[in-house]
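Step one of this worksheet: look at the structure below.
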Amino acid sequence: MSGAEENEYREHRLANMARLIELGYEPFGNAFARSGRLADVRAKYNEDEHVSIAGRLMTVRDMGKSIFADVRDGSDRLQIYIQKKKLGDAAFAAFKLLDMGDHIGVEGTLFTTKTGEKTVFAEKWVLLAKALLPLPEKWHGLRDVEARYRQRYLDLIANPEVRDLFDKRIKVVSEIRSYLTERGFQEVETPMMQPQAGGAAAQPFVTRYSALNTDMYLRIAPELYLKRLLVGGFDKVFEMNRNFRNEGLSRTHNPEFTMLEIYEAYSNVTGMQKLIQSLIVHVAETVFGGLHVGNGDASLDLTPPWREVTYRELIVERMGADWYELSRDDAAARAESENLSIDRQWDMLMITHEIYEKLIERTLMQPTFVTRLPAELVPLARICKDDPSSVDVFELVIAGQEVAPAYTEMNDPIEQRRRFEAQAAHGGGSLDEDFLTALEHGMPPAGGMGVGIDRLVMILSGADAIRDVILFPQLRPRSSSGAN
RNA sequence: GGGCCGUUAGCUCAGUUGGCAGAGCAGUACACUUUUAAUGUACGGGUCGGCGGUUCGAAUCCGCCACGGCUCACCA
């Protein structure tokens with residue numbers, strides 16, 4: 001829908017604007033000094049005090065020689081009372097040329113109506129910005145999902161619960177920042193455009209850097225740069241910003257998403273476990289009002305300590321004590337009897353991981369630390385001392401979704417090279433020589449962790465799609481040729 | 001990318017077996033000086049997502065396309 005689309009509504013509004021201009025009103029005004037946002041005015045000013053407010057005209061109840069109307073800004077709504085006798089014939093008549101959604105400024109004195117509502121008795125009004133297109137209908141709200149995402153500004157105006165959810169998301173992000181900063185972590189910024197996309201296994205977006213005549217990649221993770229900072233002496237750092245992965249869209253995937261990564265030198269996976277548990281508890285309490293969160297289907301109890309279980313225990317619990325003694329083909333047969341389709345090329349590791357992802361992970365509703373994953377799955381983590389086939393990691397799973405993977409970081413450059421090479425041989429990952437050089441200069445032992453912020457907000461708020469916690473989720477662009 | 005479902009007025013939605021395109025809100029006009037989804041009276045508003053086909057006749061049946069939703073695949 002183009003803003004220039006002609007329709008009856010727009011025509012009327014243009015005509016009203018033209019008449020207001022004739023009367024000396026400026027349809028797109030400048031700054032307006034207000035006593036405060038509407039919520040402040042409501043809270044801090046009393047009857048008979050003079051106030052100056054601004055906002056959108058939302059509903060008008062025209063009584064003939066007087067009018068009640070609601071004005072709304074980002075904080076609240078407030079009623080104004082327009083009286084012909086008070087305002088004068090000209091200003092009163094001009095007010096009737098306003099349309100719903102117009103931004104106006106009003107000066108007047110506060111009083112309380114006989115129904116008990118705090119109201120501004122207008123002495124003067126100014127036009128601040130004309131709205132040429134109408135707002136969505138006022139009490140069914142805006143339902144059309146496509147319009148809600150493509151024209152999120154309308155969704156935010158029409159659906160208060162949407163605004164409330166984004167207010168919460170903003171607060172989650174700011175609480176995380178202050179929580180970490182107060183504990184001595186420094187927030188850093190590392191490249192979003194990288195010469196090679198490392199730190200995770202995902203298809204990157206490619207872009208072209210003309211000046212250097214070279215391809216660059218939007219980052220799939222900041223991990224390898226944050227570890228370079230550990231080498232450089234930043235020993236408690238975090239970064240909370242966008243990652244980009246060239247993957248399909250789904251209820252739980254957006255190609256750009258917000259990731260928090262935290263690294264702490266001389267710590268390990270146990271330190272990360274304590275940190276994430278206290279961080280999420282803090283966010284739940286400060287933003288969501290307690291430790292019982294989520295919606296009816298997935299009502300969650302975040303009271304610590306959270307369950308801790310090894311990957312192997314989960315597999316054995318689900319598939320039988322003899323699982324790890326089975327031959328590859330017997331394991332495949334048993335998996336297939338659970339309605340999984342098993343690729344003939346998969347080895348034992350992949351069959352087992354398919355079981356974890358399809359049969360186990362999504363059933364872990366209450367917060368669970370899944371520990372000691374197979375080493376092949378996590379090439380950047382340190383091997384467990386007592387078991388070379390596992391790595392010293394956890395995945396925090398809540399509501400069936402992986403929220404935060406954490407590891408004791410691999411800091412042995414020789415072993416790291418071997419793991420990268422093994423992975424490259426399997427066709428995944430690339431060798432980042434600059435990173436390996438950094439490790440050779442000595443990276444302190446460290447705990448590191450990634451937290452998917454969008455999914456965390458989904459889980460805490462009970463939102464059922466990642467689109468609902470991202471202001472402008474990715475959609476297919478409108479084709480430019482077609483009308484509409 | 002596959003399967004299923006959806007797209008009707010500015011918004012929210014009806015629309016029967018294929019037979020004149022509907023409602024509420026919003027809008028316009030008039031009345032009304034304490035209303036709260038103000039009220040009352042009257043009126044206007046449609047490329048039924050797009051293109052093609054079947055038919056005497058298509059919002060309705062068929063095909064293709066666009067966009068969206070759910071789901072599967074992808075995401076080691």
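Values in this document were obtained by computation on a predicted structure and should not be read as measured data. The sequence lines fix the lettering, A, B, ..., with proteins before strands; numbering per chain opens at 1.
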Mind calculating the distance between [atom1] ([X]) and [atom2] ([N]) to the nearest angstrom?
{"X": "A:Asp343", "N": "B:C72", "atom1": "CG", "atom2": "C1'", "value": "16 Å"}
{"X": "A:His140", "N": "B:G10", "atom1": "NE2", "atom2": "C1'", "value": "15 Å"}
{"X": "A:Asp102", "N": "B:A26", "atom1": "CG", "atom2": "P", "value": "16 Å"}
{"X": "A:Lys65", "N": "B:U35", "atom1": "NZ", "atom2": "C1'", "value": "16 Å"}
{"X": "A:Gln474", "N": "B:C75", "atom1": "CD", "atom2": "P", "value": "20 Å"}
{"X": "A:Ile82", "N": "B:C32", "atom1": "CD1", "atom2": "P", "value": "18 Å"}
{"X": "A:Asp99", "N": "B:A29", "atom1": "CG", "atom2": "C1'", "value": "15 Å"}
{"X": "A:Phe205", "N": "B:C75", "atom1": "CZ", "atom2": "P", "value": "15 Å"}

Side chain to side chain donor-acceptor pair (under 3.5 Å) filter on A:His50, not counting sequence neighbours, yields A:Glu123
Using the [atom1] atom in both, what is the distance from [N] to [M], to the nearest Å?
{"N": "B:C5", "M": "B:A21", "atom1": "P", "value": "28 Å"}
{"N": "B:C65", "M": "B:G27", "atom1": "P", "value": "41 Å"}
{"N": "B:A26", "M": "B:C11", "atom1": "C1'", "value": "7 Å"}

Should the side chain of A:Ser66 and the base of B:U34 be counted as holding a donor-acceptor pair, with the cut-off at 3.5 Å? no
Under 3.5 Å, is there any donor-acceptor pair linking the side chain of A:Glu8 to the base of B:G10? no
OP1, OP2 of [N] versus side-chain N and O of [X]: anything below 4.0 Å?
{"X": "A:Lys358", "N": "B:A73", "result": "yes"}
{"X": "A:Arg143", "N": "B:C13", "result": "yes"}
{"X": "A:Arg245", "N": "B:C75", "result": "no"}
{"X": "A:Arg61", "N": "B:U35", "result": "no"}
{"X": "A:Arg251", "N": "B:C70", "result": "no"}
{"X": "A:Arg467", "N": "B:G69", "result": "yes"}

Counting side-chain heavy atoms from CB outward, which of [options] is closest to [X]?
{"X": "A:Tyr149", "options": "B:G69, B:G44, B:U12", "value": "B:G69"}
{"X": "A:Asp62", "options": "B:A26, B:U12, B:C32", "value": "B:C32"}
{"X": "A:Phe111", "options": "B:U28, B:G44, B:U34", "value": "B:U34"}
{"X": "A:Gln79", "options": "B:U35, B:G68, B:G10", "value": "B:U35"}
{"X": "A:Leu142", "options": "B:U12, B:C75, B:G68", "value": "B:U12"}
{"X": "A:His253", "options": "B:U33, B:G27, B:C75", "value": "B:C75"}
{"X": "A:Thr59", "options": "B:A38, B:G45, B:G68", "value": "B:A38"}

Spell out, as yes or no, whether a donor-acceptor pair under 3.5 Å connects the side chain of [X] to the backbone of [Y].
{"X": "A:Thr119", "Y": "A:Glu117", "answer": "yes"}
{"X": "A:Arg13", "Y": "A:Ala131", "answer": "yes"}
{"X": "A:Asn254", "Y": "A:Pro473", "answer": "no"}

More than 12 heavy atoms of other residues, nucleotides or ligands under 6.0 Å from CG of A:Asp343: is that the case? yes
Around atom CZ of A:Arg382, are there more than 12 heavy atoms from other residues, nucleotides or ligands closer than 6.0 Å? no
So what does [X] hit on the nucleic acid, given a heavy-atom distance under 4.0 Å: a base, only sugar-phosphate, or nothing?
{"X": "A:Met100", "result": "sugar-phosphate"}
{"X": "A:Pro379", "result": "base"}
{"X": "A:Asp144", "result": "sugar-phosphate"}
{"X": "A:Ile67", "result": "nothing"}
{"X": "A:Gln203", "result": "nothing"}

Verify the distance criterion only: is there a donor paired with an acceptor across the side chains of A:Ser389 and A:Arg312 at less than 3.5 Å? no
Do the rings of A:Phe394 and A:Phe369 sit parallel, tilted or perpendicular, given the 30° and 60° boundaries? perpendicular
For RNA chain B, what is the dot-bracket line, given that a base pair needs Watson-Crick (N1 to N3, plus N6-O4 or O6-N4) or G-U wobble (N1-O2 and O6-N3) geometry with both distances under 3.5 Å, and | means paired with another strand? (((((((..((((.....[..)))).(((((.......))))).....(((((..]....))))))))))))....
Please name all residues satisfying salt bridge (charged side-chain N to carboxylate O under 4.0 Å, His left out) with A:Glu247, sequence neighbours left out, ordered by chain then number. none
Worked check of salt bridge (charged side-chain N to carboxylate O under 4.0 Å, His left out) between A:Arg318 and A:Glu338: CA-CA 11 Å; A:Arg318 182 67 174 75; A:Glu338 298 274 358; 3.2 Å; yes
Most 5' of A:Asn16 and A:Pro134 on RNA chain B, judged by nearest nucleotide: A:Pro134
